Amino acid sequence: MSQSLDIDLLRSFVAIAETGVLGQAALRVGRTQSALSMQMQRLEGIVEQPLLHRTGRGVTLTATGERLLVRAGELLRKHDEALAELRGEQLSGVLRFSCPDDYAVVFLPYLLQSFASLHPRVQLEVMCAPTPRLHELLARHTVDLALVSVAGDAAGADVIRREPLVWVAHRDGIAASLDPLPLALGAPDALDHKLPRQALEAAGRAYRLAYASSSLSGLVGMARSGQAVIVLTRTAVPDDLQILTPEQGFPDLPSVGVTLAFDRDAPTALTAAFAAHVRKFLPAA
């Protein structure tokens, strides 16, 4: 007798795949860890293949699990859209969303366009700022949710994707060879300011802060002028600038995690829907 893929099982499976930790996934879907484990046993029985590798650090997907994750995302999206349409439910209202400049440049156009096509009655208001400022906006309830950066090893963070930090400079400039190294960095309390300085100090390389700005365009302008080296997430590096490597005397930089932060413990239905959309969209963006 054939068995069908259960929507609740798929939703729990996706939560585990996205968080990599049973405890966080259980909180997201509102179940206990033991109930979640039983659900995964049922799902593995249905597909007749193991889906998860359980390790001391969390959970990873098997090859079959990776394939199912793609299909599960498609099925859940179609299911939720069909159910909302049949119920006559259409999200509406104003959603206030924030993120750092580099994420806005890379992810925002497609993220907002795809959400607007699903929910045309929602009005989106977007604000860009460094992560420390975003937490201040959330604390004041100025925005509903924000895409923020966390240290790569941050405990308890629901990391959606990881972004490597890289050194960036003008292709023909001399800034990368100067001593001390002229740097243009973001906000002093942001990760893309603190981590590069720590890496240079650990490597024993002298530097000076030539420019500091929370503006991505200002930092990129400094790199294009040839007067300074900057640090960006890899996906935000413009084509006309070059990434500097350890062979050129630049220490490796850690990755930062990208996660969502909310202005309240119990988000509205609209905020929760947008957050779910971000979690589906961002890993593959």
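Just so it is clear, the model here is predicted, and its values are computed rather than measured.
Leu260 and Met127 fall into different hydrophobic clusters, where Ile, Leu, Val, Met, Phe, Trp and Tyr side chains are chained together by heavy-atom contacts under 4.5 Å. Residues Phe97 and Val143 are members of separate hydrophobic clusters, defined by side-chain heavy-atom contacts under 4.5 angstrom among Ile, Leu, Val, Met, Phe, Trp and Tyr. One hydrophobic cluster, built from ILVMFWY side chains closer than 4.5 Å, holds both Leu209 and Tyr207. Put simply, Val148 and Val256 are part of two different groups of oily side chains (I, L, V, M, F, W, Y) that touch within less than 4.5 Å, one to the next. Under a hydrophobic-cluster definition in which Ile, Leu, Val, Met, Phe, Trp and Tyr are linked whenever side-chain heavy atoms come within less than 4.5 Å, directly or via other members, Leu282 and Leu165 are assigned to the same cluster.
Proximity of Leu191 to Thr131: side-chain heavy atoms (C-beta onward) are nowhere separated by under 4.5 Å. Taking 4.5 Å as the limit, some side-chain heavy atom of Asp252 sits within range of a side-chain heavy atom of Pro246. Counting heavy atoms from C-beta outward, Leu61 and Leu51 have side chains that stay 4.5 Å or more apart. Thr62 places none of its side-chain heavy atoms less than 4.5 Å from the side chain of Gln49. Two residues are said to be in side-chain contact when any heavy atoms from C-beta on lie closer than 4.5 Å; Val168 and Leu219 fail this criterion.
Listed by chain and residue number, nothing satisfies the salt bridge (charged side-chain N to carboxylate O under 4.0 Å, His left out) test with Glu247 (two or more places apart in sequence, or in another chain). In terms of the side-chain contact (heavy atoms from CB on, under 4.5 Å) criterion, Ala202 has no residue partners (sequence neighbours excluded). Contacts of Asp189 classified as side chain to side chain donor-acceptor pair (under 3.5 Å), with partners at least two apart in sequence or in another chain: Arg133. Asp240 meets the side-chain contact (heavy atoms from CB on, under 4.5 Å) test with Arg224, Pro238; sequence neighbours excluded. A search for side chain to side chain donor-acceptor pair (under 3.5 Å) contacts involving Ser225 returns nothing, not counting sequence neighbours.
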Residues Leu108, Tyr103; criterion side-chain contact (heavy atoms from CB on, under 4.5 Å); working and verdict: CA-CA 7 Å; Leu108 211 54; Tyr103 299 162; over 6 Å; no

Candidate pair Phe262 and Thr268, rule side-chain contact (heavy atoms from CB on, under 4.5 Å), full reasoning: CA-CA 10 Å; Phe262 300 85; Thr268 65; over 6 Å; no

Worked check of salt bridge (charged side-chain N to carboxylate O under 4.0 Å, His left out) between Arg279 and Asp158: CA-CA 10 Å; Arg279 291 188 178 105; Asp158 183 5; 3.5 Å; yes

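Residue Leu178 is found in a hydrophobic cluster whose other members, listed by chain and number, are Ile174; membership requires side-chain heavy atoms under 4.5 Å apart, directly or through intermediates.
His141 places a side-chain N or O within 3.5 Å of a backbone atom of Asp263 that can act as its donor or acceptor partner.
More than 12 heavy atoms of other shown residues, nucleotides or ligands fall within 6.0 angstrom of atom CD in Glu136. Enclosure of atom CZ in Arg71 is not indicated, since only 12 or fewer non-hydrogen atoms of other residues, nucleotides or ligands lie within 6.0 angstrom.
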